[in-house]
Undergrad: 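Attaching a single structure in structure tokens format; questions to follow.
For the numbers below, each heavy atom of this structure counts, side chains included, while hydrogens, waters and symmetry mates do not. The chains referred to below are lettered A, B, ... by the order of the sequence lines, with proteins before strands, and numbering in each begins at 1.
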Amino acid sequence: MVALGPLAVSFAVFVAGFAVVLASWWLGGRPRSPAQTAPERVPFGGGADPRVHAWNRYHVRYYSMALIFLAFDMEMVFMYPWAVVFVREGLIAMVEMGMFITILLLGVLYAWRERALEWA
Amino acid sequence: MGLTALLARVATGAPVPVFAVAGPGTRSLIRDLRLRPEIRLVDTPRPASVLLVGGLVPAEMEMAVARVHDAMAHPRATVLWSAGAAGLGRPEGFDDAIPVDGDPVAACVAAYRDILVGRRGSEPPILPDVDPAPWRGVGPYGQGGSGMTGGVPYGRPMAELGPDPDGLRLDVLPVAVGPLFPRFPAGLVVDARLAGDLVLEVEVANLLANATAAAPSPEADPFLRALGERVAIADLELARARAHLRSVAEALLAAGLEALALRALRIAANLRAGDGALVRRLATIISATQVLRWSLRGVGAVPPEAVAGLGAGPVARASGLREDLRLEDPAYRDLGFAPLVDAGGDAAARLRLRLGEAVQSLDLAARAGARAATATGRVETPRGRLEAESSASERLFTVLPSLLREHEWGDVVATIVSLDLDLEEGPLARGRARPEAAA
């Protein structure tokens, strides 16, 4: 099997998966819709009936944490290739990295002002 | 035998997933069913196969029971349990339900086996199959509306805009939870207006307020008897320790610590006056459980002035108030009783205090001998001062919204659990005072 190459192995996995689906179909009968009537589809609220739809727009409070993550993540993404060429490029690379870090620092300062660094 | 039938037969050996509804008078009986290995009490109706309804469900809650019934997946069955004298109610539409007087667990197991092997058909829905508003095919995509927030998608309107504590204008979602939410006492409906998970405004309703109820058995609740007669202190204090341990078990369940909760319930079920060491060991484990400490510290703060004079029992004592009817009883004074007080005022303090009081009660029960409490028409129950016309939980109800407002939903649930509200105490006391009303 392995000698036939990765494609044959994938095909075998696909066929086996399909066989399992067919077998469970045959064993359990046709899959039924999990909810059949309107009261069955209602989310559980302890017996209370929801008055409004659950879609709603709310304040994503972790946005400031996401901001800090992005700032440091981007820094790293740029710094690795930068470190490789730093010796060859010299001062220009230094200045470019300085500009880049300054821009990211603004994001961190903003997150600081939004109290993202105050734990609990 | 076909393969399907064989698998169904194997499945009948599994613990029965049961969603339990505790009608007035059956609260602790239903909670103790968690100790039975044959069944598994589940928190939502979706995974349940059997709906167990204990006692007489008041008319105000019948609709909720019907909704829970219809939310169960097929195949399903309902068991109506009379729980002794609590009474057998047959809510409207439950014509196929199985009535039982004795052991509800055996009835649940039998019903589960019957619906799995096909000896008994799955119960049809009770409520009509209609959406709250017509929406299919309405709007450009048939989703029931137009634009982002217009119309009635899936039959319900969208949440409306409202101010948010951060100065934004975002959706305020009205959500009612209860009266059969497993973490809340049966009958409690919390109607919250949510901004994300923050509760902006909250109203509470007690659907058991006008219920008439009879205790499952007169011996079941010594506190109810103590309203009108002299009851042995040993009985009262043993019942108090038991109630506190059950309340601790509820708090542990709400924190997701099921094994510890079962341990507390097991101690409560077999409690004797000499079990102080067992309870103390449980208290040590609980106080060393860091998850619980983190999740309860500072949660559900109750300022003493909010509950002063309400006779709120452990809730008041955990907020530093020295309120206890037992202080006025010469029989208790004779035993050298002094109430435990904790100044913490939060959910962690209430948990600590209940465990401490359980140990204290066991000690009192062991030393009480034949002493009986003085009957004054009022009694200090595990929830606080119970009178013939009102219970501590009913009086706490008036300050409940102020304790829940502007907290996150998870903390709201933890707060309600830590208050250990018992909405059936009032109806039971009134039913005792006016037996003809309960009949």
Undergrad: How far apart are the closest heavy atoms of A/G47 and B/P179, and which atoms are they?
TA: C-CD, 4.4 Å
Undergrad: Against chain A, work out which of B/L170, B/D129, B/T44 has the most heavy-atom pairs shorter than 4.5 Å and name it.
TA: B/D129
Undergrad: Please determine whether the number of non-hydrogen atoms from other residues, nucleotides or ligands lying under 6.0 Å from atom CE of A/M76 exceeds 12.
TA: yes
Undergrad: Quick one: closest heavy-atom pair of A/R51 and B/P157, and the distance?
TA: O-CD, 3.4 Å
Undergrad: If every non-hydrogen atom of B/A176 is compared with every non-hydrogen atom of A/A48, which pair is closest and at what distance?
TA: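 Scanning both residues, the minimum pair turns out to be O-CB, 3.4 Å.
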Undergrad: Taking all non-hydrogen atoms of both residues, which atom of A/A38 and which atom of B/V130 are closest, and how far apart?
TA: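 What the structure gives for the nearest pair is CB-O, 3.4 Å.
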Undergrad: Taking every heavy-atom pair that is under 4.5 Å apart, which of B/L127, B/L173, B/V68 has the most such pairs with chain A?
TA: B/L173
Undergrad: Non-hydrogen atoms of chain A under 4.5 Å away: do they reach the side chain of B/D43, the backbone, both or neither?
TA: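 For B/D43, the contact with chain A is made by the backbone alone.
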Undergrad: For B/L161, is it the side chain, the backbone, both or neither that has a heavy atom under 4.5 Å from a heavy atom of chain A?
TA: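 For B/L161, side-chain heavy atoms alone lie under 4.5 Å from chain A.
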Undergrad: Is there a donor-acceptor pair closer than 3.5 Å between any side-chain N or O of B/D171 and the backbone N or O of A/Y58?
TA: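 Side chain of B/D171 to backbone of A/Y58: no pair is present.
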Undergrad: For A/F44 and B/F19, take the angle between the two ring planes, folded into 0 to 90°, and tell me which bin it lands in: parallel under 30, tilted 30 to 60, perpendicular over 60.
TA: perpendicular
Undergrad: Give me the ring orientation class for B/Y154 and A/W55: parallel if the planes are under 30° apart, tilted from 30 to 60°, perpendicular past 60°.
TA: perpendicular
Undergrad: Which bit of B/P182 is near chain A, if near means a heavy-atom gap under 4.5 Å: side chain, backbone, both or neither?
TA: side chain
Undergrad: For A/E89, is the CD atom crowded, meaning more than 12 foreign heavy atoms sit under 6.0 Å from it?
TA: yes
Undergrad: At a 4.5 Å cut-off on heavy atoms, which part of B/M61 comes close to chain A: side chain, backbone, both, or neither?
TA: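 For B/M61, neither part sits under 4.5 Å from chain A.
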Undergrad: Heavy-atom pairs under 4.5 Å with chain A - which of B/D191, B/V175, B/L198 has more of them than the others?
TA: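 The answer is B/D191.
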Undergrad: Check the surroundings of atom CD in A/E114: do more than 12 heavy atoms from other residues, nucleotides or ligands lie under 6.0 Å from it?
TA: yes
Undergrad: If you measure from the Lys or Arg side-chain nitrogens to the Asp or Glu carboxylate oxygens, is any gap between A/R57 and B/D164 under 4.0 Å?
TA: no
Undergrad: Compare all side-chain heavy atoms of A/R41 with those of B/D131 and state whether any distance is below 4.5 angstrom.
TA: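 Yes. Closest side-chain heavy atoms under 4.5 Å.
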Undergrad: To the nearest 0.5 Å, what is the distance between CG (A/D49) and CZ (B/R67)?
TA: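 Going from CG on A/D49 over to CZ on B/R67, the span is 4.0 Å.
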Undergrad: Test your reading of the model: is there a side-chain donor-acceptor pair from B/R46 to the backbone of A/E40, 3.5 Å cut-off?
TA: yes
Undergrad: Is the shortest side-chain heavy-atom distance between A/V52 and B/P174 below 4.5 Å?
TA: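 Side chain of A/V52 against side chain of B/P174, heavy atoms only: contact under 4.5 Å found.
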Undergrad: Verify the neighbour count for atom CG of A/L7: are there more than 12 heavy atoms of other residues, nucleotides or ligands below 6.0 Å?
TA: no
Undergrad: Determine whether more than 12 heavy atoms belonging to other residues, nucleotides or ligands lie under 6.0 Å from atom CE of A/M79.
TA: yes
